[in-house]
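By convention here, the first residue in the shown sequence is residue 1. Computed from heavy atoms alone, side chains included, the values below leave out hydrogens, waters and symmetry copies. None of the values given here were measured: they were computed from a predicted structure.
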Amino acid sequence: MANRRNFIKTTAIASVAVALNAFKGKSEETEELIPISGKVKKPIVLSTWNFGIQANAAAWEVLKKKGRALDAVEAGVRIPEADPKERSVGYGGRPDRDGRVTLDACIMDEFSNIGSVACLEHIKHPISVARAVMEKTPHVMLVGDGALQFALSQGYKKENLLVEESEKEWKEWLKNSNYKPIVNIENHDTIGMIALDEHGNLSGACTTSGMAYKMHGRVGDSPIIGAGLYVDNEVGAATATGHGEEVIRIAGCHLVVELMRQGKSPQKACEEAVMRIVKLTKNRNKNLKDIQVGFIALNKNGEHGSYCVQGGFNYAKYDETGNTLIDADYYLKS
């Protein structure tokens with residue numbers, strides 16, 4: 001009887017020891033994945049490419065007054081949308097191969113409310129139409145003429161978005177009609193913006209005129225929730241830029257956010273998403289040098305990260321330290 005009691009006692013002690021070691025191992029693994037963070041860095045706003053500097057400045061005007069991240073990201077991306085000199089977003093964007101400027105945009109708030117428009121013509125601010133879809137319709141996405149009619153019903157002005165310089169570039173392209181987007185030029189086709197406000201809430205926006213000289217009706221990742229943009233207010237937010245087809249292929253921004261949910265830092269999450277694209281590109285026997293995709297990510301602590309396929313991508317960060325442009329690290333070094 002005594003031997004039996006000793007056996008049970010010894011077994012129980014051993015089981016507890018194994019459980020504690022397993023817990024310790026998991027704890028150590030978690031500490032390895034999640035950087036120990038002190039004070040939450042807020043507010044903070046990130047946006048893609050160098051035009052993000054001006055966009056961030058507009059967003060910061062909202063954030064510094066303890067405004068909502070949703071209002072900040074809409075205000076921010078409206079800046080390049082309205083710039084006639086900007087060839088990849090909104091007014092002044094390069095047309096498709098038929099000479100038509102078609103715009104895509106989406107927006108997402110801290111409550112997982114979403115709105116999107118795709119292949120929208122004649123409206124300078126697709127991001128605001130996307131927000132109207134989110135707030136004033138039972139739907140989450142409107143496209144083409146339906147999106148235009150809705151925008152007009154909301155009081156948006158119909159106007160010509162094909163500026164003289166973009167029209168000249170399109171007519172020059174028509175002489176050869178060779179569709180081969182140049183990495184970091186025609187692939188530089190989106191402003192994505194994500195923000196964490198003073199209240200600790202996240203929102204994001206993404207807007208583009210898409211690939212220059214695309215087939216009419218082509219839609220990339222930018223208006224697709226989970227591809228070009230994703231926000232989970234419990235975890236973080238991500239947005240993408242570059243070759244939209246490749247981002248859609250991996251549901252890119254949803255992937256980045258889910259990796260952060262699993263404990264990865266924003267930087268590691270962006271890196272893993274890019275490596276997924278690299279792997280699939282190689283599996284499909286495609287040339288990585290023809291592809292550019294960049295991700296930026298922000299978690300609930302205000303920590304941020306970015307990674308891209310090849311060099312040339314940068315992003316803007318505005319926080320209490322100021323508004324700065326950062327060159328993203330990249331995979332393809334040669």
Any salt bridge between [X] and [Y], counting N to O under 4.0 Å?
X	Y	answer
Asp197	Lys66	no
Glu245	Arg218	yes
Asp83	Arg87	no
Arg100	Glu121	yes
Arg131	Glu135	yes
Glu167	Lys171	yes

Check: Angle class for the Phe313/Trp49 ring planes (parallel below 30°, perpendicular above 60°, tilted otherwise)?
Finding: perpendicular
Check: Mind checking whether Tyr315 and His304 have parallel, tilted or perpendicular rings, split at 30° and 60°?
Finding: perpendicular
Check: Between Lys124 and Glu159, does a salt bridge (Lys or Arg N to Asp or Glu O under 4.0 Å) hold up when you go through it step by step?
Finding: CA-CA 8 Å; Lys124 188 178 290 184; Glu159 52 192 311; 3.7 Å; yes
Under 3.5 Å side-chain donor-acceptor pair for [X] and [Y]:
X	Y	result
Glu271	Gln267	yes
Thr190	Ser222	yes
Lys317	Ser47	no
Glu74	Ser128	yes
Asp98	His216	no
Ser166	Glu164	no

Does the side chain of [Y] come within less than 4.5 Å of [X]'s, by heavy atoms?
X	Y	value
Leu298	Glu303	no
Pro80	Gln54	no
Ile191	Phe51	yes
Asp109	Val231	no
His122	Leu148	yes
Arg78	Ile127	yes
Thr48	Phe295	no
Trp170	Asp96	no

[X]: partners by side chain to side chain contact (heavy atoms under 4.5 Å, CB included), with sequence neighbours left out:
X	answer
Asn287	Lys289, Asp290
Lys42	Val40, Leu196
Thr137	Val133, His139, Phe150

Notebook entry, point to check: Hey, is CZ on Arg249 packed in by over 12 heavy atoms from elsewhere, all under 6.0 Å?
Noted result: yes
Looking at every heavy atom in both [X] and [Y], which two are closest together, and how far apart are they?
X	Y	value
Tyr331	Tyr307	CA-OH, 3.3 Å
Pro266	Ala297	CB-O, 3.8 Å
Ala57	Asn323	N-ND2, 4.0 Å
Ile225	Tyr230	CG2-CD1, 3.9 Å
Tyr91	Ala82	CD2-O, 3.8 Å
Ile250	Ala273	CD1-O, 3.5 Å

Check: Can Arg68 and Glu110 be said to form a side chain to side chain contact (heavy atoms under 4.5 Å, CB included), step by step?
Finding: CA-CA 10 Å; Arg68 191 178 173 198; Glu110 69 269 36; 3.2 Å; yes
So does [Y] get a backbone contact from the side chain of [X], meaning a donor-acceptor N/O pair under 3.5 Å?
X	Y	answer
Lys158	Leu152	no
Glu86	Ser88	yes
Asn314	Ile326	no

Check whether [X] and [Y] end up in the same hydrophobic cluster, where Ile, Leu, Val, Met, Phe, Trp and Tyr are linked by side-chain heavy atoms less than 4.5 Å apart.
X	Y	result
Val293	Leu259	yes
Ile44	Val235	yes
Val163	Tyr213	no
Leu120	Met134	no
Met193	Leu70	yes

Check: Could you go step by step and tell me if His243 and Met211 meet the side chain to side chain contact (heavy atoms under 4.5 Å, CB included) rule?
Finding: CA-CA 8 Å; His243 201 251; Met211 292 286 199; 3.2 Å; yes
Margin query: Applying the salt bridge (Lys or Arg N to Asp or Glu O under 4.0 Å) criterion to Glu246, which one of Lys286, Arg284, Lys279 satisfies it?
Written below: Arg284
Check: Given Met141 and Val117, is the side chain to side chain contact (heavy atoms under 4.5 Å, CB included) satisfied, shown in steps?
Finding: CA-CA 5 Å; Met141 187 180 218; Val117 291; over 6 Å; no
Next item on the list: Decide yes or no on side chain to side chain contact (heavy atoms under 4.5 Å, CB included) for Leu202 and Ile194, but give the supporting numbers first.
Entry: CA-CA 7 Å; Leu202 293 155; Ile194 47 182; over 6 Å; no
